[in-house]
2 protein chains.
Amino acid sequence: MTISTQIETGRPLRADARRNHERILEAAREVFADCGVDAQMDDIARRACVGVGTVYRHFPTKEALLVELVRQKFRVFAAGARTALERDGEPFEVFADVLRRNADVCARDAAIQHALSGVGEHIWAQAQAEYEQLNALTTELIARAQRAGAMRPDVLATDIAMLMCGVSSTMTHNAPGFDWHRHLELVIDMLRAR
Amino acid sequence: MTISTQIETGRPLRADARRNHERILEAAREVFADCGVDAQMDDIARRACVGVGTVYRHFPTKEALLVELVRQKFRVFAAGARTALERDGEPFEVFADVLRRNADVCARDAAIQHALSGVGEHIWAQAQAEYEQLNALTTELIARAQRAGAMRPDVLATDIAMLMCGVSSTMTHNAPGFDWHRHLELVIDMLRAR
DNA sequence: GACTATAGTGAACTATGATTCCGCTTGTCA
DNA sequence: TGACAAGCGGAATCATAGTTCACTATAGTC
């Protein structure tokens with residue numbers, strides 16, 4: 001029985017288990033960032049100073065671990081969007097800042113890059129709930145900017161998601177002249193109302 | 001010694017070898033399209049009605065096979081761009097049609113999708129020459145549209161490449177509401193001069 | 001301090017799929 | 001048509017990396 005199943009049954013985790021759970025997630029983030037998504041479970045275990053068995057006690061498969069990381073990241077994005085909605089300021093600029101911040105996060109996280117690049121569909125699929133939450137918030141941010149007349153009226157939240165998939169997928173291959181910072185600014189500007 | 005090395009030495013291929021070379025590429029295209037890039041070499045061999053050994057005689061590794069497919073596709077794109085440059089008509093529309101046509105090709109080719117999604121960097125890297133050729137032609141197409149005042153003046157060829165990476169990467173994951181046709185039209189429209 | 005359920009360990013197991021290799025077949029050419 | 005180099009076939013091999021499991025350690029509790 002993995003610990004995640006146990007969490008669902010409600011029994012509280014032992015202190016060391018709670019500590020390791022965090023440690024493993026943290027290690028996974030780091031290792032994936034360094035070696036990409038096909039980093040090995042053994043590496044993650046080593047980095048977390050834990051046996052592989054322990055990793056498997058907490059996450060039944062490598063994919064489950066990846067999914068958890070992606071979920072967390074979507075939650076981070078959602079939190080950023082919520083903060084932005086509370087802030088006042090020119091709605092389009094607020095929105096643009098959210099995009100910039102999210103792109104920066106993606107640049108440092110191979111797990112999310114993998115989910116966004118077409119290859120990780122099934123992972124994305126398992127983060128549905130979090131994605132939809134994020135999508136709702138994005139819709140709201142967009143609506144504001146559109147109401148203010150600052151954003152093209154035909155942009156949907158899915159367009160933003162798809163554009164970010166693109167930006168993120170160009171981060172990993174460094175073909176000559178590929179500068180995602182510059183490209184992102186172009187994309188942002190293209191979203192402005194004419 | 002693989003046949004590709006032999007081609008380099010100049011000796012002509014035996015008739016059956018020439019036939020099989022084509023057959024294998026064709027089969028690879030089909031199998032990759034059906035099963036994605038992690039289709040198996042055995043499957044490709046079977047589809048080509050050939051032993052695995054033969055596949056390996058023609059392409060030393062699976063990656064080499066993938067690279068060849070990507071190269072070919074870049075050449076197809078380049079050919080399309082050349083035709084477009086000869087056509088007369090409103091330059092922006094000519095350009096937009098090239099994008100639409102290329103996107104359609106991508107939608108049916110897992111190898112190119114893989115290369116474009118960040119995961120296949122190294123494959124992309126081995127198709128440098130073809131990519132650069134394509135890039136030069138894209139630059140010319142863009143320049144025309146910009147001279148005609150129909151396209152944003154700050155768009156570079158790499159932006160187009162990056163946008164297409166994005167569109168292509170969204171083709172594979174079918175998250176709810178992801179409609180790449182619609183999205184592509186938005187992207188095209190965003191490229192118009194204001 | 002003893003007891004026990006919970007958690008951790010890592011060597012061994014397994015599955016998968018790429019690649020090799022060698023005996024056999026076939027195109028080519030004199 | 002015979003010789004032989006070029007090609008082919010596919011079972012066997014190898015490598016990789018995810019996953020398991022029998023055993024040990026330890027947090028929590030009385």
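Below, chains carry the letters A, B, ... as their sequence lines are ordered, and counting in each starts from 1.
- Scanning for side-chain hydrogen bond (donor to acceptor under 3.5 Å, both in side chains) contacts around A/K62 gives an empty result, with sequence neighbours left out.
- Here the P atom of nucleotide D/dT19 and the NE2 atom of A/H58 are 16 Å apart, to the nearest Å.
- Residues B/D43 and B/R46 are paired through a salt bridge, judged by an N-O separation under 4.0 Å between the basic side chain and the carboxylate.
- Going from atom CZ of A/F59 over to atom P of C/dA7 covers 14 Å, rounded to whole Å.
- Annotation: side-chain hydrogen bond (donor to acceptor under 3.5 Å, both in side chains) contacts of B/E68 (sequence neighbours excluded): none.
- The distance from atom CZ of B/R19 to atom C1' of C/dT28 is 14 Å, rounded to the nearest whole Å.
- Atom CG in B/N20 sits roughly 12 Å away from atom C1' in C/dG27 (whole-Å rounding).
- Residues satisfying the side chain to side chain contact (heavy atoms under 4.5 Å, CB included) test with B/T61, not counting sequence neighbours, are B/E63, B/A64.
- For DNA chain D, the residues of residues 30-50 of chain A within the heavy-atom distance limit of 4.0 Å (strictly under) are A/A39, A/Q40, A/M41, sorted by number.
- Remark: B/Y56 engages no residue in a ring-ring contact (aromatic ring centres under 6.0 Å, His included) (not counting sequence neighbours).
- Contacts between residues 64-72 of chain B and DNA chain D, counted as heavy-atom distances below 4.0 Å, involve no residue at all.
- In the displayed structure, A/Q133 atom CD is contacted under 6.0 Å by at most 12 heavy atoms of other residues, nucleotides or ligands.
- Taking atom CZ of A/R23 as the reference point, atom P of C/dG8 lies 10 Å away to the nearest angstrom.
- Under the rule for a ring-ring contact (aromatic ring centres under 6.0 Å, His included), the partners of A/F178 that lie at least two apart in sequence or sit in another chain are A/H173, B/W124.
- Every side-chain hydrogen bond (donor to acceptor under 3.5 Å, both in side chains) that B/R152 has, sequence neighbours left out, goes to A/D189, B/D154.
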Can you pull every protein N or O that's under 3.5 Å from an N or O on nucleotides 28-30 of chain D?
residue : atom : partner : partner atom : Å
D/dG28  : OP1  : A/A15   : N            : 3.2

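- Among D/dG9, C/dG10, C/dG8, the nucleotide with an atom closest to any side-chain atom of B/T54 is D/dG9.
- Between B/Y56 atom OH and C/dC22 atom P there is a gap of 18 Å when expressed in whole angstrom units.
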Contacts under 3.5 angstrom, residues 73-82 of chain B side chains, donor-acceptor by atom type, not counting sequence neighbours:
residue : atom : partner : partner atom : Å
B/K73   : NZ   : B/D109  : OD2          : 3.2
B/R75   : NH2  : B/E130  : OE2          : 3.4

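- Among pairs with a residue in residues 83-94 of chain A, those fulfilling side-chain hydrogen bond (donor to acceptor under 3.5 Å, both in side chains) read A/E93-A/R192, at least two apart in sequence or across chains.
- For A/E132, the side-chain hydrogen bond (donor to acceptor under 3.5 Å, both in side chains) test picks out no residue, with sequence neighbours left out.
- Of the listed nucleotides (D/dG10, D/dG18, D/dC8), D/dC8 has the atom at the smallest distance from the side chain of B/R57.
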